[in-house]
Amino acid sequence: MADIRMRVNGSIEKLDVEPRVSLLDALREHLGLTGTKKGCDQGACGACTVLADGERIVSCLALAVQYADRDITTIEGVTSPLQRSFVRHDGFQCGYCTSGQICSAVGMLTEHAAGAPSAVTGDLATMEIELTAEEIRERMSGNLCRCGAYNGIVAAIEEGIR
Amino acid sequence: MKDFAYVSAPDVATAVRAITEPGAKFLGGGTNLVDLMRQNVERPDTVVDITRLPLDRVEELPDGRIRIGAMMRNSALAAHRLIRTRYPMLAQALLAGASGQLRNMATVGGNVLQRTRCPYFVDLAARCNKREPGSGCDAIGGFNRNAAIFGASESCVATHPSDMCVALAALDATIELESVRGVRRLPLVGFHALPGDAPQHETAIAADELITAIELPDLPVAARSRYRKVRDRASYAFALVSVAAALEVRDGVVTEARLALGGVASRPWRAHAAERALMGAPATEESFRRAADAELAGAVAQSQNAFKIELARRAVTATLRQLHLPGGAA
Ligand SMILES: Cc1cc2nc3c(=O)[nH]c(=O)nc-3n(C[C@H](O)[C@H](O)[C@H](O)COP(=O)(O)OP(=O)(O)OC[C@H]3O[C@@H](n4cnc5c(N)ncnc54)[C@H](O)[C@@H]3O)c2cc1C
Ligand code: SF4
Ligand code: FES
Ligand code: FES
């Protein structure tokens, strides 16, 4: 067992976990933060997306011990205009992927604001990339939605950045 | 997942000492290792976390070469100004791989050493010479739609799935390795092995070595380069075929060409035959197609992947056309 500390949604949490426990299971099973969802447990769906020091990651492939002393934000700690936009634009049906979608979108907007390019960015040299629907779709491709609410998700993010 | 001991290394000296323990493995972003541990394909006794090592910078060396720390995240490398402007094919290859979340976690060193995506490799009920030497290969005659078309053997037909490495191969990158025994440098081209009769030996790295850096040569032609990836969906999927290319044309004649293919072999495939065919040839569609033909002449299909040979031919031609005529038909 390892004793670690982590800042989760602003408060310092102590965790006593085996090294094999994922950050996802630590959040859900040890801290009772069940807003973060487990879809594939293989890094392939994005349902478990959380922010580590503001950067989006998939918590299922993260060992909790590796994130000791880091600052983790889960959907329970997010306050963003995106949440209202998701409701307004039907950015979900069953809602299972939604917490991951919103955490991912928050991280994505930070990356974009810092000038990070994507696979569909035409001019890599520019730091001011217009966040078109195509850019949003590409940057959000790590979050699958089994209900196919993609159009609503893109519309919600487009509104969120206006 | 089997239980294991966890050590976080603060510096390189501690890391290379810790890895000499039997059954120890380095942990980068964990996006491949943790996945394989959960599936019991990897079963380390000790995991040595190297993500806190101070090897996460891009430096421009006095002679113009670029040194990339092995702990650099894939996303940070792709976003770096020097990579975007001097080696666009590398930025594009990184951005074509995985997802935003995974690129934020994945390290450069881990990307080089990621394992194959052959479905039988992670299926403990299947026969797989790579996972269990001598057991056989269920991909031969089985599900091999995304298997190799170059360099495969009767033991293994798997591919190396990295996008980044395809660009690094075209760029003639160098890998720096460190262990308690010292430091050595190896060219990336040739670092990944062909399967032969021992597909479990995947790269030239020794069990106690740490990748500390990747170096890129000062290569003006790379400023006009491009990475093109063909896959089953528009984003977030491994390559069926990919192409990293750089081209210099003077007075209508090709004066320099760099070309490597991904998704086609157990190593990023440097297309030497195509490069030779391009050198000195007129920069025309006809030459581009002939260069692709020269490389693909050596391709061999498995039962389900013959389509990849034609796909590779078209992807090479299209990438060269795109480089030569930017804005022209893709
Ligand atoms: C859903 C999904 C989709 C993906 N899609 C793509 C894709 O389209 N294209 C693509 O290229 N990749 C893709 N990947 C793979 C991803 O790029 C790799 O998993 C990642 O690059 C590995 O880096 P890491 O730091 O997480 O490595 P880890 O998982 O930490 O390590 C991988 C291996 O490298 C060893 N290692 C790590 N660092 C070092 C070092 N410095 N020295 C020595 N040994 C080291 C580890 O011991 C381990 O054996 C995908 C992965 C997932 C989960
Ligand atoms: S192709 Fe290689 S990795 Fe796949 S089953 Fe055969 S031996 Fe294993
Ligand atoms: S549960 Fe983590 S990516 Fe699917
Ligand atoms: S809303 Fe159901 S999976 Fe996305």
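Throughout, a chain's letter reflects where its sequence line sits, starting with A, and its residues are numbered from 1. Side chains are part of it too, since the values below use all heavy atoms of this structure and drop only hydrogens, waters and symmetry mates. Remember, it's a predicted structure, so these values are computed and weren't measured experimentally.
The CZ atom of B:R38 sits 4.0 Å away from atom CG of A:D41, with the distance rounded to the nearest 0.5 Å. A distance of 6.0 Å separates CG in A:L63 from CE in B:M37, rounded to the nearest 0.5 Å. Atom CD of A:E138 is separated from atom OH of B:Y236 by 11.5 Å, given to the nearest 0.5 angstrom. With rounding to the nearest 0.5 angstrom, the CG atom of A:D53 is 11.5 Å from the CG atom of B:N104. Distance check: A:I4 CD1 to B:S8 OG gives 11.5 Å after rounding to the nearest 0.5 Å.
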Next item on the list: Evaluate side chain to side chain contact (heavy atoms under 4.5 Å, CB included) for B:Y6 paired with A:Q66, printing each intermediate quantity in order.
Entry: CA-CA 9 Å; B:Y6 170 85; A:Q66 191 173 27; 4.1 Å; yes
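Among residues two or more places apart in sequence or in another chain, the side chain to side chain donor-acceptor pair (under 3.5 Å) test is passed with B:S162 by B:N111.
Contacts of A:A52 with chain B are absent, with no heavy-atom separation under 4.5 Å from either backbone or side chain. Residue A:L51: no heavy atom, backbone or side chain, is found under 4.5 Å from chain B. For B:L94, no part lies under 4.5 angstrom from a heavy atom of chain A. Residue B:R73 does not touch chain A at all, counting heavy-atom pairs closer than 4.5 Å. Contacts of A:A2 with chain B are absent, with no heavy-atom separation under 4.5 Å from either backbone or side chain. Only the backbone of B:K2 comes within contact range of chain A, with at least one heavy atom under 4.5 Å from a heavy atom of that chain.
Note: A:S118 leads A:G122, A:S118, A:A125, A:G107 in heavy-atom pairs under 4.5 Å with chain B. Highest contact tally toward chain B, considering only A:R139, A:M127, A:M108, is held by A:M127 [criterion: heavy-atom pairs under 4.5 Å]. Interface summary for chain A: among B:D49, B:D3, B:T85, B:T31, the most heavy-atom pairs under 4.5 angstrom belong to B:D3. Looking only at heavy-atom pairs under 4.5 Å with chain B, the residue among A:C60, A:G46, A:A62 that has the most is A:C60. Between chain B and the options A:V58, A:L61, A:L144, A:N143, heavy-atom pairs under 4.5 Å are most frequent for A:L61.
Side chains of B:S75 and A:E111: a donor-acceptor N/O pair is absent below 3.5 angstrom, by distance only.
Contact record, B:S99 with A:G142: CB-CA, 3.4 Å, taken as the closest heavy-atom pair. Nearest heavy atom pair, residue B:M1 against residue A:R20, reads O-NH1, 2.6 Å.
A:S104 places a side-chain heavy atom less than 4.5 Å from the side chain of B:Q101. When side chains are defined from C-beta on, A:S141 does not count as touching B:R233, because their heavy atoms never get closer than 4.5 Å. Residues A:P19 and B:V47 form no side-chain contact, since every pair of their non-hydrogen atoms from C-beta on lies 4.5 Å or further apart.
Counting non-hydrogen atoms of neighbouring residues, nucleotides and ligands closer than 6.0 angstrom, the CZ atom of A:R88 exceeds 12 such neighbours. Around the CZ atom of A:R84, the shell of radius 6.0 Å holds no more than 12 heavy atoms that belong to other residues, nucleotides or ligands.
A donor-acceptor pair is defined here as one N or O able to donate and one able to accept, closer than 3.5 Å; such a pair exists between the side chain of B:R84 and the backbone of A:T126.
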